[in-house]
Amino acid sequence: MTTRNYWQRMRRNKMSRRSLLRASARAGVGAAGLALVGCGGDDDDDDQPAAAQVAQQAQQQQAQQQSMQLEQAEQQAEQQVQQQQAQTATADEQQEAEEAAAQAADSGPQHGGVITFSGGDGGILDPAIADHGGLDSSWFPIYDHLNYLDNGGVLTSAMAELPEVVDDLTFIYNIKPNVHWQDKPPLNGRQFVAEDAAFGLARFGQDNPEFILRDLLSAVDQYEVTDDLTLRLKAKEVFAPLLGAVGEQRVLMISRDAVEAFGDDGIAGNPEAAIGTGGMQYANREDGVVTELERNPNYYREGLPYIDGLRATWNLDAAYRAAQYVAGEADFMWMPWLGFPVENEAVRGQVGEENLVEVPMDATWNSAIYIHTKVEPYTDPRVRLALHLATNREQFFAVAAGFQEIGGPIGHASGVYAWTPDELRQLPGYRSGALREEDLAEGRRLLDASGYDPASVPPMSSWDSTIQFAQVFQQNVAEIGFEVDLEEFADVEGQAKRTSGNFSIHWHGLGGAHDPDILNSDVRSDGGRNYGEFADPEIDALLEQGRTTLGAENRVAIYDEIQTKLLEEHVPRIFWCWGRPVVGHRSWLKGYGPTNHSTAATQALYRSWFEGKPGV
């Protein structure tokens with residue numbers, strides 16, 4: 001039986017796709033079909049939708065309107081129930097409720113206090129280079145976006161209004177006139193202008209091997225500054241993810257002035273070079289100990305941020321995190337970018353129900369096993385396929401403490417493009433019970449057919465914070481006769497090993513996106529995050545087709561084919577989960593809500609405040 005015949009026999013039955021309407025509020029349905037909405041009450045009131053919309057938006061807007069009408073109907077029904085309950089309350093109860101509401105209205109959001117949490121930036125401070133969650137909360141609030149993807153992947157205005165869509169290739173960004181750089185040299189508080197936006201966006205695409213997002217905006221042909229506050233983006237071809245790419249988490253604006261003063265190396269490693277337009281500015285950093293940010297007094301969102309600062313203590317030990325939270329010394333539990341519901345439950349038992357508020361995040365974070373495809377024996381796809389078949393995802397979940405869901409190459413935040421857990425569990429490598437036994441048997445056959453030398457297998461490396469997952473994987477592959485030793489590294493060292501390609505198999509997490517074009521940086525032959533040097537011309541061609549095709553209804557089949565090839569033929573990585581983190585925070589932290597990211601970055605923290613925190 002050939003490998004291909006095996007996979008043809010095991011290929012999942014075609015299941016009906018989820019309704020394409022699920023993609024209606026998602027970035028990635030195409031530049032012409034992307035939902036463009038202004039900021040809500042937490043942001044500027046003067047945000048306006050894009051001045052022009054192309055025809056493909058009509059269906060999406062209709063779906064959104066239907067969803068909004070349904071939500072409004074539900075809210076009206078709830079209000080009617082509340083009104084009926086209020087009518088039956090006693091006069092005293094009504095008076096008490098009115099007094100409490102008046103008091104809350106009078107107080108409103110309060111200024112002051114420092115949000116404290118367990119964090120750490122990993123020692124790489126440049127958003128164009130960093131690919132780890134620690135930076136997002138402890139460093140990214142220094143900077144800000146032109147637009148950003150808020151909860152649910154909704155494109156939202158920030159330093160620029162939402163773009164005017166001239167046509168499928170041309171987009172105009174109007175910069176808000178009240179945005180200024182932080183008052184530190186060499187910027188000294190000067191106005192943020194269109195030239196800054198052009199440089200900030202173009203910088204991500206520079207020919208720097210360390211810039212992991214260098215292909216994110218590769219379709220942009222021109223960054224044309226038409227006046228001080230107007231930037232025109234011109235694409236050289238139709239590029240479906242463009243507007244969402246501008247709003248992605250790491251697309252934060254860094255100035256030409258700072259780069260010229262400090263150099264790219266300074267932006268990456270010198271905290272004094274971190275000068276942005278965000279709600280927080282750099283105050284202090286002790287490597288391995290603490291990172292402290294303070295309120296930017298000249299933030300363009302008037303009256304914000306409410307808090308005086310952020311304090312990230314560099315200690316990720318679970319017992320320390322729990323003790324810090326129970327003692328009231330931390331406002332978040334576990335970290336702002338991940339959350340273990342099981343851990344939250346344990347702490348809730350000590351602090352009480354009212355002292356731990358859970359917020360499910362619409363996160364895009366995954367765990368995967370990177371395979372270096374240029375290192376023996378992993379040059380042979382049969383070996384990689386065998387390890388994929390031997391991986392027991394359910395055992396990983398037992399270790400993961402409940403914050404993740406089974407996943408494939410594309411994460412759940414991409415909506416209709418992602419394969420559901422039910423679909424995945426029908427596929428070889430994801431199956432359980434008797435079907436898993438079939439997968440193990442096929443894994444053994446593939447290993448034997450490859451003719452690899454067991455004595456030459458190099459060790460697998462893992463961060464110390466993920467070693468438990470690596471140990472499970474080590475046990476899994478031993479079931480098909482594949483023996484591999486483990487090397488454990490500190491998180492910062494592990495990050496460097498992965499980025500430099502100095503590994504054979506490496507366990508690591510990966511931040512994601514709301515568009516399936518994330519795969520372009522991950523598995524394209526020249527992708528910025530293709531650390532294992534995987535290359536396949538067919539995959540490259542399909543990725544190019546996916547990013548130059550408009551409309552989810554046209555793109556889904558392309559990404560289905562890509563995922564099939566990655567899981568059945570190539571296995572450049574062993575995919576197993578995408579994060580469903582739950583942030584737990586103290587009840588005194590108000591205004592905190594979910595974001596579309598795996599972290600509590602700028603757009604979550606600038607609008608939070610303290611109410612009733614001791615000492616604040």
Side-chain angles (χ1 to χ4, degrees), residues 119-149 158-160 179 181-182 187 192 196-218 220 244-259 261-282 285 291 293 296 310 312 336-337 364-365 492 495-496 498-499 509-514 518 521-522 527-529 595-606:
D121 55 43
I124 301 175
L125 311 180
D126 187 345
I129 298 175
D131 188 23
H132 57 89
L135 199 69
D136 302 357
S137 292
S138 61
W139 210 250
F140 282 4
I142 294 173
Y143 302 105
D144 215 325
H145 307 80
L146 292 184
N147 295 163
Y148 69 93
L149 297 176
M159 295 192 296
V179 182
W181 293 99
Q182 291 157 7
L187 279 306
F192 179 90
D196 294 320
F199 175 83
L201 291 176
R203 181 174 183 267
F204 284 95
Q206 290 180 1
D207 187 18
N208 183 331
E210 290 188 307
F211 283 19
I212 61 175
L213 301 179
R214 58 183 178 272
D215 50 358
L216 186 68
L217 298 168
S218 59
V220 178
V246 172
E248 272 300 336
Q249 182 179 11
R250 288 172 174 77
V251 183
L252 297 158
M253 295 299 98
I254 288 176
S255 71
R256 184 192 303 273
D257 310 55
V259 173
F262 297 97
D264 284 331
D265 289 343
I267 300 296
N270 182 356
E272 298 291 345
I275 307 166
T277 56
M280 292 288 145
Q281 59 189 25
Y282 169 67
R285 180 181 181 275
T291 299
L293 307 183
N296 174 13
L310 299 175
W337 59 90
T364 56
W365 180 89
V492 174
Q495 171 85 12
R498 185 193 66 169
T499 303
L510 175 72
H514 272 70
I518 182 179
S521 66
D522 295 344
R529 295 191 290 192
T595 71
N596 74 315
H597 302 312
S598 49
T599 71
T602 305
Q603 65 270 29
L605 296 178
Y606 77 78

inquiry  = What's the separation between atom CD1 in Ile212 and atom CZ in Arg250, rounded to the nearest 0.5 Å?
reply    = 6.0 Å

note = To the nearest 0.5 Å, atom CD of Glu210 lies from atom CG of Asp126 at 8.5 Å

key: Closest approach of Phe204 to Ala128 (non-hydrogen atoms, all atoms of both residues)   = CE2-CA, 3.7 Å

Non-hydrogen atoms of His145 and Gly247 that approach each other most closely = CD2-O, 4.4 Å

request  = Measure across Tyr148 and Ala158 and return the closest heavy-atom pair with its distance rounded to 0.1 Å.
outcome  = CD2-CB, 3.9 Å

ask   = How far does CG of Leu125 sit from CH2 of Trp139, to the nearest 0.5 angstrom?
value = 5.0 Å

key: Non-hydrogen atoms of Gly276 and Tyr143 that approach each other most closely   = CA-CD2, 3.7 Å

request  = Grab the two heavy atoms, one from Asp215 and one from Gly528, that are nearest each other, plus how far apart they are.
outcome  = OD2-N, 4.0 Å

ask   = Taking side chain as C-beta onward, heavy atoms only, is Leu201 less than 4.5 Å from Val220?
value = no

ask   = About how many Å separate CD1 of Ile518 and CG of Leu213, when rounded to the nearest 0.5 Å?
value = 9.5 Å

note = When every non-hydrogen atom of Ala312 is compared with those of Ser138, the smallest separation belongs to CB-CB, 3.9 Å

remark   = d(Phe211 CZ, Arg203 CZ) to nearest 0.5 Å is 4.0 Å

request  = Using a cut-off of 6.0 Å, state whether more than 12 heavy atoms not belonging to Asp265 lie near its atom CG.
outcome  = no

message = Within this structure, what is the CD-CG distance for the pair Gln249 and Leu149, rounded to the nearest 0.5 Å?
response = 9.5 Å

request  = Walk me through it: do Asn296 and Met280 pass the test side chain to side chain contact (heavy atoms under 4.5 Å, CB included)?
outcome  = CA-CA 5 Å; Asn296 174 13; Met280 292 288 145; over 6 Å; no

inquiry  = Evaluate Asp144 against Met253 for side chain to side chain contact (heavy atoms under 4.5 Å, CB included), listing each step before the verdict.
reply    = CA-CA 6 Å; Asp144 215 325; Met253 295 299 98; over 6 Å; no

query = With distance as the sole criterion, is a donor-acceptor pair present between the side chains of Asp196 and Trp181 under 3.5 Å?
reply = yes

message = I want to check something: taking the side chain as every heavy atom from C-beta on, are Pro127 and Ile254 in contact at a cut-off of under 4.5 Å?
response = yes

query = Given side chains that start at C-beta, do those of Thr277 and Gln182 come closer than 4.5 Å, heavy atoms only?
reply = no

request  = Please check if the side chain of Glu272 supplies one atom and the backbone of Phe262 the other of a donor-acceptor pair under 3.5 Å.
outcome  = no

key: Chi angles and distances behind the side chain to side chain contact (heavy atoms under 4.5 Å, CB included) call for Phe192, Leu146   = CA-CA 11 Å; Phe192 179 90; Leu146 292 184; 3.9 Å; yes

ask   = Under 3.5 Å, is there a donor-acceptor pair between the side chain of Asp264 and the main chain of Val259?
value = no

